[in-house]
Protein chains: 2
Amino acid sequence: MTNGMANATIRDVARAADVSVASVSRVLNGHDNVRPELRERVHAAATRLGYVPHAGARSLSLARSNAIGVVLPELHGEFFSELLRGMDREASARGLQLLLSNMHADPARGVEALRTMRGRVDGMVVMAPHIDPDQLFAHLPTGVPVVLVNCAPHHQPRPELRLDNIAGARAMVDHLVATGRRRILHLAGPVGNIDAEERMDGYRAGIAAAGLEPLIERGTFLEESGVSVAEKMAREGSDVDAVFAANDMMAIGVLMGLRRAGVAVPDRVAVAGFDDIPLARLISPTLTTLRIDIAELGERAIARLTDQIGGADDRSIELRAPTLIVRETTSPREDPEHRGTRGIYA
Amino acid sequence: MTNGMANATIRDVARAADVSVASVSRVLNGHDNVRPELRERVHAAATRLGYVPHAGARSLSLARSNAIGVVLPELHGEFFSELLRGMDREASARGLQLLLSNMHADPARGVEALRTMRGRVDGMVVMAPHIDPDQLFAHLPTGVPVVLVNCAPHHQPRPELRLDNIAGARAMVDHLVATGRRRILHLAGPVGNIDAEERMDGYRAGIAAAGLEPLIERGTFLEESGVSVAEKMAREGSDVDAVFAANDMMAIGVLMGLRRAGVAVPDRVAVAGFDDIPLARLISPTLTTLRIDIAELGERAIARLTDQIGGADDRSIELRAPTLIVRETTSPREDPEHRGTRGIYA
DNA sequence: GCTCTTGATGTAACCGGTTACATGATCTTA
DNA sequence: TAAGATCATGTAACCGGTTACATCAAGAGC
């Protein structure tokens with residue numbers, strides 16, 4: 001039977017070694033006030049019984065679990081995977097385990113996910129770009145340290161990490177304008193998603209500064225949105241000469257849609273994304289985008305959380321600026337005649 | 001102070017509602033043998049105090065944690081992310097949480113990772129293609145259900161999920177042979193990795209069956225290996241007409257290396273991978289590969305584990321066969337003269 | 001009216017660790 | 001040799017829940 005024999009407890013070990021449970025605990029936790037001979041007996045008994053301490057019981061009496069909760073939106077794609085990788089790196093370096101929870105779209109289930117973490121973790125990292133944190137934290141245990149990552153606006157006095165989406169999007173628009181684009185379409189993310197909204201704000205600011213006209217379509221952050229926008233552009237004979245998508249997956253969709261429609265990138269239309277997922281430099285033409293060091297973001301979240309658990313009281317918001325990565329999809333056009341023109345294509 | 005006030009306990013609630021802890025517990029767990037008026041009082045007190053149950057204490061007394069441990073190799077790339085996504089889907093459907101642990105290359109740390117899960121999870125999913133499971137489980141708590149995923153050969157009588165790497169690789173070689181390739185190079189994965197070894201076995205079998213000569217290079221499962229093999233081929237004027245890489249990332253590296261060297265794919269050289277990561281259909285030319293439904297693999301692991309936890313005793317090994325996905329990188333050559341020739345290229 | 005059943009509620013033991021405090025042995029020191 | 005200090009070890013309370021069992025009140029049946 002796999003689960004035939006229950007595991008030995010510390011009392012079993014104590015009995016087997018003919019000592020008290022206190023001594024067993026002391027030996028196993030490496031306290032030095034134990035006679036060597038007794039220490040020996042305990043170790044022998046423990047290995048003989050195959051004793052493995054019960055982490056749950058341990059954390060109950062210590063009021064410390066050495067685990068931290070990670071609450072993420074729908075686990076999807078490379079962003080999430082990179083973030084988790086960074087967290088894992090930092091956490092395992094500090095001897096912490098990660099308890100994962102998926103915060104679905106439904107706020108009620110989200111609250112439930114956070115509640116079930118109480119008494120199981122020492123703190124939490126919460127990333128919820130699509131849910132109002134005030135609502136989320138209203139019915140939550142107090143006294144659990146939390147670090148927010150890229151959350152919607154709120155009134156929580158909590159430590160927080162954010163992307164500077166506005167500056168990033170602004171930099172991209174500036175780049176497109178500097179390379180001669182004038183009809184710049186923004187393919188935005190879903191309504192209510194904080195990253196989507198901020199990137200759109202940055203786009204608007206850049207467009208206004210250049211004295212251009214804003215052109216905005218809404219997407220879903222998925223590849224398909226990009227494809228359909230490209231198809232629509234081709235169908236309607238649009239005069240757009242650059243598409244700035246709110247994330248890389250949509251930008252890639254745009255690339256595929258344009259290729260299928262026979263529209264030259266970057267000669268006719270420039271394309272840019274956001275995130276710099278690994279894919280961005282592998283497709284062809286390679287994609288201009290904004291790089292976020294996602295794994296490092298994850299590491300930093302864990303680091304700040306452990307500081308907080310350790311008693312620090314730093315509630316500041318840390319803003320991380322993305323870096324503009326220029327690749328082939330926004331190269332200046334070879335044909336100088338295009339510069340500034342508004343050619344119609346089919 | 002974020003963590004100024006400790007959380008209320010069930011005894012606090014009992015005192016506030018002027019009832020016993022037993023009644024509070026009954027109310028909060030939805031037992032029906034409680035007078036409505038009292039039930040009301042308890043709910044009121046609980047919300048007034050912001051009471052959230054302590055999951056650790058609960059699982060200690062219930063001997064059930066509703067969490068399952070997931071032990072994965074170095075969290076890297078799309079494979080891992082898809083697997084975790086599938087597990088999360090199934091787990092949250094069953095009301096389970098996932099406790100993540102990274103099994104690094106070092107077996108000692110791996111054992112430690114498994115030990116710290118005891119008393120914290122109801123069972124574990126272990127994926128360790130690079131570590132000997134016998135060694136791993138030698139000093140482990142008995143009585144904890146475990147499902148192995150893609151592990152090295154062992155003598156563990158445990159339920160297990162595996163990829164049919166051999167059949168997959170064999171199918172790919174057959175496909176390459178059928179489309180006229182004769183000098184087929186296998187870019188294998190690292191020594192000691194079970195997936196790598198099995199894929200190589202499948203390759204060997206296919207090559208032998210076709211009466212061809214095996215050509216093998218070792219790689220690291222990373223893109224760079226592919227690039228350097230492609231460079232080496234071009235440099236040495238190799239007569240290889242197909243490269244079958246042991247995973248997609250290496251295949252993509254090969255594609256990039258060949259493109260840079262000006263070697264036409266698939267006309268001069270066909271390229272194929274293994275895994276069907278999302279990237280495979282996005283690059284150009286699109287990559288022929290073997291599809292594994294990774295997320296489903298993850299779901300299935302959780303499903304089998306919960307069966308096991310529920311008392312089932314099914315120790316069978318489930319073999320999942322990859323599906324051959326033919327795309328552009330292995331299209332038959334347009335120039336029929338190449339068929340069977342061994343042209344040298346620079 | 002009295003016993004028996006039924007059902008709500010409370011008391012206290014238990015899950016498996018940790019540790020404050022008590023105990024008692026050994027060693028100093030006068 | 002007796003008093004005091006030091007140190008290893010054991011006893012039992014505690015962490016925060018759950019629940020077997022005891023208790024007691026109300027209603028049923030005679």
Side-chain angles (χ1 to χ4, degrees), chain A residues 5-42 45-46 49-67 115-122 141 143-144, chain B residues 5-42 45-46 49-67 115-122 141 143-144:
Chain A
M5 182 184 48
N7 248 278
T9 73
I10 196 172
R11 286 171 229 269
D12 296 330
V13 176
R15 202 171 311 125
D18 196 31
V19 298
S20 73
V21 291
S23 293
V24 176
S25 178
R26 283 190 273 256
V27 169
L28 265 31
N29 290 302
H31 297 196
D32 54 352
N33 51 349
V34 180
R35 197 157 37 95
E37 186 268 343
L38 189 150
R39 175 184 307 278
E40 204 45 51
R41 269 196 351 250
V42 169
L49 296 180
Y51 173 70
V52 179
H54 189 289
R58 187 151 204 274
S59 67
L60 180 58
S61 78
L62 288 177
R64 185 88 152 75
S65 65
N66 288 311
R115 291 183 127 232
T116 55
M117 292 226 162
R118 135 101 168 135
R120 209 174 269 235
V121 300
D122 299 330
V144 179
Chain B
M5 181 184 48
N7 248 277
T9 72
I10 196 171
R11 286 169 231 269
D12 296 329
V13 177
R15 203 172 309 124
D18 196 29
V19 298
S20 73
V21 291
S23 293
V24 176
S25 177
R26 283 190 274 257
V27 169
L28 266 31
N29 290 300
H31 296 195
D32 54 353
N33 51 348
V34 180
R35 199 158 36 96
E37 187 268 342
L38 189 149
R39 175 185 307 279
E40 205 45 51
R41 276 207 331 263
V42 169
L49 297 180
Y51 172 70
V52 179
H54 189 289
R58 187 152 204 276
S59 67
L60 180 59
S61 79
L62 288 178
R64 184 87 152 77
S65 65
N66 288 311
R115 289 183 127 232
T116 54
M117 292 228 163
R118 135 101 169 136
R120 206 173 268 232
V121 300
D122 298 329
V144 178

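In what follows, every chain begins at residue 1, and chains take the letters A, B, ... in the order their sequences are listed.
A sub-4.0 Å separation between OP1 or OP2 of dT9(D) and a side-chain N or O of R26(A) is absent. An OP1 or OP2 oxygen of dT18(D) is reached within less than 4.0 angstrom by no side-chain nitrogen or oxygen of S61(B). Between dT18(D) and R58(B), a contact under 4.0 Å exists linking OP1 or OP2 to a side-chain N or O. The side chain of S25(A) contributes an N or O atom lying less than 4.0 Å from OP1 or OP2 of dT18(C).
Contact between A17(B) and V42(B) at its shortest, heavy atoms only, is CB-CA, 4.1 Å. Residues Y51(A) and I10(A) approach most closely at CE1-N, 3.6 Å, considering heavy atoms. Considering every non-hydrogen atom in both A14(B) and V24(B), the closest pair reads CA-CG2, 3.6 Å.
For R118(A) and dG16(D), a side-chain-to-base donor-acceptor distance below 3.5 Å is absent, hydrogens and geometry of angles not being considered. The base of dG17(D) sits within donor-acceptor range of the side chain of R11(B), with an N or O pair under 3.5 Å.
Taking the nucleotide of DNA chain D with the nearest heavy atom to each of V19(A) and I10(B), the more 5' of the two is matched to V19(A). Each of L28(A) and E37(B) has a nearest nucleotide on DNA chain C; the 5'-most of these lies closest to E37(B). Heavy-atom distances to DNA chain D give each of G56(B) and S23(B) a nearest nucleotide, and the one nearer the 5′ end belongs to G56(B). Heavy-atom distances to DNA chain C give each of N29(A) and L38(B) a nearest nucleotide, and the one nearer the 5′ end belongs to L38(B).
One atom, CZ of R35(B), and another, P of dG7(C), lie 16 Å apart when rounded to the nearest Å.
Out of dG17(D), dT11(D), dT19(C), the shortest distance to the side chain of L62(A) is found at dT19(C). When each of dG16(D), dG10(C), dG17(C) is scored by its nearest atom to the side-chain atoms of T9(B), the top-ranked nucleotide is dG16(D). Minimum atom distance to the side chain of N33(A) is reached by dT9(D), of the listed dT11(D), dC15(C), dT9(D).
Counting non-hydrogen atoms under 4.0 angstrom, V21(A) reaches a base of the nucleic acid. Heavy atoms of L60(A) sit under 4.0 angstrom from at least one base atom. No contact: A63(B) has no heavy atom under 4.0 Å from any strand.
For the pair H54(A) and N7(A), the minimum side-chain heavy-atom distance is 4.5 Å or more.
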